[in-house]
Amino acid sequence: MYNEYLMLPFSVSLEYIPYLWQQNDVLVFLVDLDNYNIFNASYLSRIELEYLEKLQTNNFKKRYIVSRTVLKHIICKVANERSASEISTYKDENGKVCVLNHNELCICISYTGSLAALAISKVDVGIDIELARKLVLKSTFKNLYKKISLMDEMVGETDILKTWTLKEAYSKFSNKNMYLIFNKELDINSVNHLTYVLDNKYLFSIVTRSESHIIDINHLQKN
């Protein structure tokens with residue numbers, strides 16, 4: 001399986017986002033959660049605060065607060081909103097992240113370790129990011145490993161992880177439950193799909209409708 005290696009440039013600032021939005025169809029920003037050590041939920045709406053209360057661990061709570069706060073500041077720049085605190089996100093019945101009163105924006109979020117990948121797009125998009133690490137083959141991963149190995153005796157762990165990220169990205173793109181897609185052969189001939197090794201550290205897959213969509217991936221500066 002082919003992967004494209006991509007070394008990302010220095011981080012971009014929020015002020016640069018309107019220019020990027022004019023030039024691209026899909027923007028993906030990598031956010032280092034370790035840069036944010038304060039649990040400040042002041043930007044969350046009532047709906048978001050209710051969801052926050054359902055999260056069981058501090059790690060899940062922190063990444064939710066940080067990702068939604070940063071996402072709102074990005075949306076302010078692309079949608080010309082006055083205040084990030086006036087923006088509200090919610091999840092539909094399938095878990096897709098939506099922006100209240102901004103149906104023109106497509107959002108997708110993925111996490112790995114201390115990193116969040118935030119995609120904001122003019123077109124339907126699905127992303128998944130995983131830390132390129134030695135796999136612990138348990139349960140669902142074991143089943144996936146067996147299926148891929150039967151098709152290709154030379155398959156390696158990176159190929160397994162690539163298939164996993166593509167399945168995750170496709171499930172988000174199609175807004176279908178991952179478990180409905182997992183045990184089926186992935187048919188991605190009708191969509192555009194790319195997999196990158198980012199900074200020699202992360203495996204990142206993205207699915208869009210067409211090859212003509214212009215995609216830009218950057219680290220995001222903390223303001």
So do the side chains of R209 and V123 get within less than 4.5 Å of each other, counting heavy atoms only? no
Hydrophobic clustering (ILVMFWY, side-chain heavy atoms < 4.5 Å, transitive) - are Y111 and L198 grouped together? no
Linking I/L/V/M/F/W/Y whenever their side-chain heavy atoms sit closer than 4.5 Å, directly or via other members, would L131 and I206 fall into one cluster? yes
Is it true that, when you exclude K222 itself, more than 12 heavy atoms of the residues, nucleotides or ligands shown sit nearer than 6.0 Å to its NZ? yes
Scan the side chains in residues 6-33 for donor-acceptor partners under 3.5 Å anywhere in the protein, sequence neighbours excluded, and list what turns up.
| from | atom 1 | to | atom 2 | distance (Å) |
| --- | --- | --- | --- | --- |
| N24 | ND2 | L20 | O | 2.9 |
| D25 | OD2 | I214 | N | 2.7 |
| D32 | OD1 | D34 | N | 3.0 |

Is there a donor-acceptor pair under 3.5 Å between the side chain of D199 and the backbone N or O of K201? no
Output yes when a side-chain donor or acceptor of K61 lies under 3.5 Å from a complementary backbone atom of L55, and no otherwise. yes
Under a 3.5 Å cutoff, is there a donor and acceptor pairing between the side chains of N59 and T57? no
Hey, does the side chain of S205 reach the backbone of D128 with a donor-acceptor pair shorter than 3.5 angstrom? no
The test is side-chain contact (heavy atoms from CB on, under 4.5 Å); show your working for H213 and S121 and say whether it passes. CA-CA 10 Å; H213 298 145; S121 174; over 6 Å; no
Distance check, rounded to the nearest 0.5 Å: I75 atom CD1 versus R68 atom CZ? 9.5 Å
Least distance between heavy atoms, G126 atom then C108 atom: CA-SG, 3.9 Å
Main-chain N/O of G95 paired to K172 side chain as donor or acceptor, under 3.5 Å: no
What's the spacing between T112 OG1 and Y202 OH if we round to 0.5 Å? 7.0 Å
When clusters are formed by joining ILVMFWY residues with side-chain heavy atoms under 4.5 Å apart, either directly or through shared neighbours, do I109 and I74 land in the same one? yes
CD1 on I107 to OG on S67, rounded to 0.5 Å: 11.0 Å
Show every ring-ring contact (aromatic ring centres under 6.0 Å, His included) that has at least one partner inside residues 48-87, sequence neighbours left out. Y43-H73, Y51-Y64
Do L118 and L220 have side chains that get closer than 4.5 Å, going by heavy atoms? no
Same cluster or not: are V125 and I120 linked, directly or through other Ile, Leu, Val, Met, Phe, Trp or Tyr residues, by side-chain heavy atoms under 4.5 angstrom apart? no
So, do I217 and I215 sit near enough that their side-chain heavy atoms are less than 4.5 Å apart? yes
Ion pair E50/K54, N-O distance below 4.0 Å: no
Test side chain to side chain contact (heavy atoms under 4.5 Å, CB included) applied to E48 and I87, T69, T89, I65, the passing residue: T89
Side-chain H-bond candidate by donor/acceptor type, T208 with N192, under 3.5 Å: yes
When rounded to the nearest 0.5 angstrom, what distance separates CG in L166 from CG in L194? 9.0 Å
In terms of heavy-atom contacts, S45 and S88 come closest through OG-OG, 2.9 Å
According to a 4.5 Å side-chain heavy-atom criterion applied to Ile, Leu, Val, Met, Phe, Trp and Tyr, with indirect links allowed, do I127 and Y196 form part of one hydrophobic cluster? yes
Residue pairs passing the side-chain hydrogen bond (donor to acceptor under 3.5 Å, both in side chains) test where at least one lies in residues 93-104, sequence neighbours excluded: E81-H102, H102-E104
